[in-house]
Visitor: 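Below is a structure I'd like to ask you about.
Predicted, not measured: the structure shown is a model, and the values here were computed from it. Ligands are counted one by one from 1 in listed order, and the atoms in each one are counted from 1 as well.
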Amino acid sequence: MKTLTITRPDDWHLHVRNGAVLKTVMPHTARQFARAIIMPNLKPPVTTVAQALIYREEILAAVPADLDFTPLMTLYLTGSTTTAEIKKAAECEHIHAFKLYPAGATTNSDSGVADIKAIYPLLAAMERHDLPLLIHGEVTDDACDIFDRERVFIDTYLSDITRNFPGLRIVVEHVTTTEAVQFVLASTPNIAATITPQHLLFNRNAILAGGIKPHYYCLPIIKRESHRLALVEAATSGNPKFFLGTDSAPHLTSLKENACGCAGCYSAHAALELYAEAFERADALNKLEAFASFYGADFYRLPRNSGTVTLEKTAWKVPAVYGKNDLSITPLKANEELPWKLQ
Ligand SMILES: [Zn+2]
C-alpha cells in the first residue's frame, strides 16, 4: 500500500501545556487531528469551568489560522471539587470529562486525589450527570514496583469504582499492561481505554538497554514485550473499547535530559505516522481508521468528523528538536526515519 486515506482523526488524550511550549506544539496536533481531549494538569491545575474556558481560548489562539481544530476541555478532579462544579461542567458544551490523577502519580499531579474512596460522592454526581471519568490508573505507593503500579491500581481501586458506579463512563487512560486490556475487555461497554503510540511500538528495552534513554520515559512506564503484544492486539482488534490517545506530553529537552528527568513522550509531531507504523507491523492498517477516527467519537457521543487525511508511504527524518534553544523539545524518534508521512 502506497497511500492510506482515512476520516479525519481525533486525539482522545493530549497534553499541550501553556505559554511558549503550547505555541510550539499546538500546530503539530492541529495539523493531524480535528479535536483533542485536553489534559488539565497545568500548574496550577484546571479545576473549574471558568479556568477551562480561559485555557481553551489560550489554546485556540495558538492554532494556526489556516487549520480548524477544536479543543475538548477536561477538569482536574481534586478532593475539593464540588458537586456544583460537576453540574456546571456537565452543562457546559466545552467540558467533556473529569480527569482523576492519584496524588503524585505523574507530571503535575500533586493536587491529585489522595483518598479515592473519599471522592465517591463526586463519582456519583458524574454518573448522574453522565460526564465521563478519565483515569490515570496507577497506585503511587513507594513500596509498589513501578512496573506493577497499573495492575495493582486495577485490583485495588478500579474494580471497586466500576462495581459501585455501573452507569459511569470511564476511560482507563494510556493502558500499558495485559491486565488492563483484560479488565477493559471484561467490563461493560461504558468502560473504554486509550492506547499511546509509544506503548504500541516499544518495550522497556527502549528505555533501559544500551544506556538510559530519557525520551522513552513516560508514565505509566513502558512495559515488557508480552504487554506490548497485548496492546497491539487490542488496538488492532476492531473492538470499539480501544481508541487513539497519544498522551503526547511535551517537556523541555533540558528537563528530560536531566539527573531527574520528567515523565512524558512528545509524539504530536508524527502521531498518525507512528500509529500507522505500529498497525502496519501488525498487518492491520485496515483497522487504523476506526481506532483513530470512529470509536473515540462514539464513546464521547460526539459526531464523527467529516473530511479525510492521507498518509503516504514516504520515508522522512524526524528533526532533532522542535522549538528554539532553551525552549527546545525533543520528539519521539528524534533523528530517526519514519516510514509513513502525513500529506
Ligand atoms: Zn497523560
Side-chain angles (χ1 to χ4, degrees), residues 10-18 21-22 25-26 28-29 32-33 35-47 52 55 59 71-78 95-113 132-140 146 149-150 153-154 158 170-177 180 184 192-202 207 214-223 231 235 242-252 255-256 261-269 271 274-275 296 299-300 329 331-332:
D10 304 300
D11 186 348
W12 299 100
H13 185 127
L14 179 69
H15 301 267
V16 290
R17 317 301 185 199
N18 46 13
V21 171
L22 171 65
V25 304
M26 206 52 247
H28 291 164
T29 287
Q32 299 238 343
F33 297 106
R35 300 170 289 197
I37 284 280
I38 305 295
M39 289 297 142
N41 60 333
L42 298 184
K43 260 183 183 169
V46 179
T47 55
Y55 187 29
I59 291 168
L72 308 172
M73 308 310 291
T74 63
L75 299 188
Y76 191 118
L77 195 60
T78 76
I95 312 292
H96 294 268
F98 270 87
K99 177 73 188 280
L100 166 59
Y101 290 100
T106 188
T107 303
N108 300 347
S109 61
D110 307 345
S111 318
V113 174
L133 173 67
L134 319 181
I135 300 184
H136 181 115
E138 284 195 293
V139 295
T140 54
I146 189 166
R149 289 179 180 191
E150 182 176 275
F153 184 88
I154 292 169
L158 196 52
I170 295 174
V171 183
V172 189
E173 297 292 341
H174 40 55
V175 287
T176 64
T177 56
V184 171
T194 51
I195 306 181
T196 78
Q198 66 266 25
H199 291 100
L200 293 174
L201 287 168
F202 308 109
I207 321 167
H215 299 294
Y216 292 89
Y217 174 64
C218 63
L219 290 172
I221 198 162
I222 296 174
K223 308 293 193 298
L231 298 171
F242 300 97
F243 45 82
L244 185 156
T246 61
D247 195 19
S248 177
H251 289 284
L252 298 182
L255 298 178
K256 291 285 291 175
C262 293
C265 297
Y266 182 63
S267 62
H269 62 296
L274 293 164
Y275 282 109
F299 181 88
Y300 278 92
I329 295 160
L332 200 62

Visitor: Of the non-hydrogen atoms in Glu173 and Trp12, which two are nearest, and what is the gap between them?
Guide: OE1-O, 4.0 Å

Visitor: Hey, which N, O or S atom on Asp247 ends up closest to the Zn ion (ligand 1)?
Guide: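 Nearest N/O/S atom: OD1.
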
Visitor: Report the residue from Thr176, Ile222, Leu274 that forms a side chain to side chain contact (heavy atoms under 4.5 Å, CB included) with Gln198.
Guide: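 That would be Ile222.
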
Visitor: Taking both backbone and side chain into account, is any N, O or S atom of His13 nearer than 2.8 Å to the Zn ion (ligand 1)?
Guide: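 It does: His13 brings an N, O or S atom closer than 2.8 Å to the Zn ion (ligand 1).
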
Visitor: N/O/S of His15 less than 2.8 Å from the Zn ion (ligand 1)?
Guide: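 Here the distance criterion (N, O or S atom, under 2.8 Å) is met by His15, so yes.
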
Visitor: Between Tyr101 and His136, how do the two ring planes meet: parallel, tilted or perpendicular, split at 30° and 60°?
Guide: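 It falls in the tilted class, 30° to 60°.
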
Visitor: Once you round to the nearest 0.5 Å, how far does OG1 of Thr246 lie from CG of Leu332?
Guide: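 Result: 10.5 Å between the selected atoms.
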
